[in-house]
Protein chains: 2
Amino acid sequence: MLLSKSCVYGLRASVFLALHADREYIPISEISEKLKISFHFLTKILQLLTQKGLLVSYRGPHGGVALTRPPKEVIIYDVVNAIDGDEIFTGCILSLPGCGNQTPCPMHESWTLVRNKIRTLFLTTSLADLAKGVKDNNLRLVDIEQLISAPADKV
Amino acid sequence: MLLSKSCVYGLRASVFLALHADREYIPISEISEKLKISFHFLTKILQLLTQKGLLVSYRGPHGGVALTRPPKEVIIYDVVNAIDGDEIFTGCILSLPGCGNQTPCPMHESWTLVRNKIRTLFLTTSLADLAKGVKDNNLRLVDIEQLISAPADKV
DNA sequence: TTAATTTAGGACAAAAGAGTCTTAAATATA
DNA sequence: TATATTTAAGACTCTTTTGTCCTAAATTAA
Ligand code: SF4
Ligand code: SF4
């Protein structure tokens with residue numbers, strides 16, 4: 001997988017939070033139910049995002065998590081970087097440790113070009129962009145088969 | 001990692017074989033020593049490439065492995081596809097199973113564009129291209145630190 | 001024919017990723 | 001204060017990936 005499972009779950013949950021940015025804290029249990037992600041696993045991932053400063057959390061009744069910044073200001077680069085690190089944006093294709101621009105491997109130049117496309121995509125896409133796609137075009141964040149079995153729960 | 005370890009090792013070994021395409025069968029032990037890859041692990045990977053038809057193998061003294069086709073005709077897409085499958089070329093970024101063009105997620109369009117860049121790079125790069133880079137520009141296939149400790153073994 | 005070389009194949013172990021579960025701490029409300 | 005709600009933290013299990021090791025089969029050469 002290009003992104004780890006944790007990262008994908010973290011991204012989906014972040015978009016969900018962006019879609020509900022008008023509300024107060026949102027309990028992780030609600031996110032996990034709506035997005036069909038294991039509650040405990042998602043909790044761990046969101047704890048990480050909280051530690052990295054992307055989310056704020058609040059314990060107790062009416063508690064939950066919320067985005068620290070408006071969805072427009074949160075680029076998905078930050079979400080990915082917080083969970084998976086920046087290897088996908090800066091790493092190499094042949095994975096030769098210790099190489100650099102002075103002694104690049106045969107794929108360095110062409111790979112760097114493509115890698116920058118990936119980087120740019122993640123740098124220029126915000127949670128608001130993704131949330132807008134979901135709202136405007138009636139898109140979805142959960143598996144289509146799960147949608148079919150419970151269409152009322154569409155997010 | 002974008003590509004699995006197995007895939008990276010398989011690619012490096014393939015480029016090594018391209019660099020020695022004029023020779024007969026090359027023992028896996030030689031490849032593993034020159035490229036500092038575990039012999040037994042590399043053997044497994046090259047067995048897979050042999051099963052997929054990218055290499056031919058021959059047992060016994062003077063045996064080893066060799067490319068089935070001239071390096072110019074082997075695109076690295078095929079090597080990656082043989083080892084890691086085509087997920088990197090066809091897979092999605094949010095990993096929602098069961099989605100499609102009819103019901104794309106918010107990142108589908110932009111991601112498809114970037115993904116095609118990756119695909120094109122791997123479709124248009126041959127083992128000969130990589131081997132040429134190694135020969136012409138004095139590049140390398142092994143970790144630079146390993147080079148420093150044994151510069152005579154440079155490949 | 002015997003010994004040496006080399007790939008084939010599969011069992012096994014270690015490490016990392018993914019996921020589950022339990023307990024503790026914080027908070028709100030009755 | 002007591003109880004319910006909710007995140008925090010860490011132990012634990014399961015699966016996949018990565019890597020090691022041993023034996024079998026094919027081939028060459030003495
Ligand atoms: S030279 Fe570039 S592509 Fe090649 S191994 Fe190094 S960072 Fe990766
Ligand atoms: S719509 Fe496209 S990018 Fe989105 S989950 Fe499906 S394949 Fe992936």
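To find a chain, count down the sequence lines: A is the first, B the second, and so on, and within it residues start at 1.
- The distance between atom CD1 of Ile45(A) and atom C1' of dT7(D), rounded to the nearest whole Å, is 15 Å.
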Could you give the side-chain donor-acceptor pairs of residues 38-64 of chain A under 3.5 Å, partners two or more places apart or in another chain?
unit_1, atom_1, unit_2, atom_2, d
Ser38(A), OG, Phe41(A), N, 3.2
Thr43(A), OG1, Phe39(A), O, 2.8
Thr50(A), OG1, Leu46(A), O, 2.8

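- By the 4.5 Å heavy-atom criterion applied to side chains, Ile118(B) and Lys117(A) are not counted as neighbours.
- No engagement by Tyr25(B) is indicated, since no non-hydrogen atom pair under 4.0 Å with the nucleic acid exists.
- Side chains of Val65(A) and Ile31(A) form a contact here, defined as non-hydrogen atoms less than 4.5 Å apart.
- For the OP1/OP2 pair of dG9(C) and a distance below 4.0 Å, the side-chain nitrogens and oxygens of Gln51(B) include at least one atom meeting the criterion.
- A distance-only check finds a donor-acceptor pair linking the side chain of Asn81(A) to the backbone of Asp86(A) [under 3.5 Å].
- We find that CG of Leu46(A) is positioned 9 Å from P of dA8(D), with the value rounded to whole Å.
- Ranking dA9(D), dT29(C), dT28(D) by closeness to the His62(B) side chain, first place goes to dT28(D).
- Following rounding to the nearest Å, Gln47(B) (CD) and dG19(D) (P) show an atom-to-atom distance of 16 Å.
- Less than 4.0 Å separates DNA chain C from no heavy atom of any residue of residues 26-33 of chain A.
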If the sugar-phosphate is the primed atoms plus P, OP1 and OP2 and the base is the rest, what is the B/S/- string for nucleotides 15-26 of chain C, using protein heavy atoms under 4.0 Å? ---SBBBB--BB
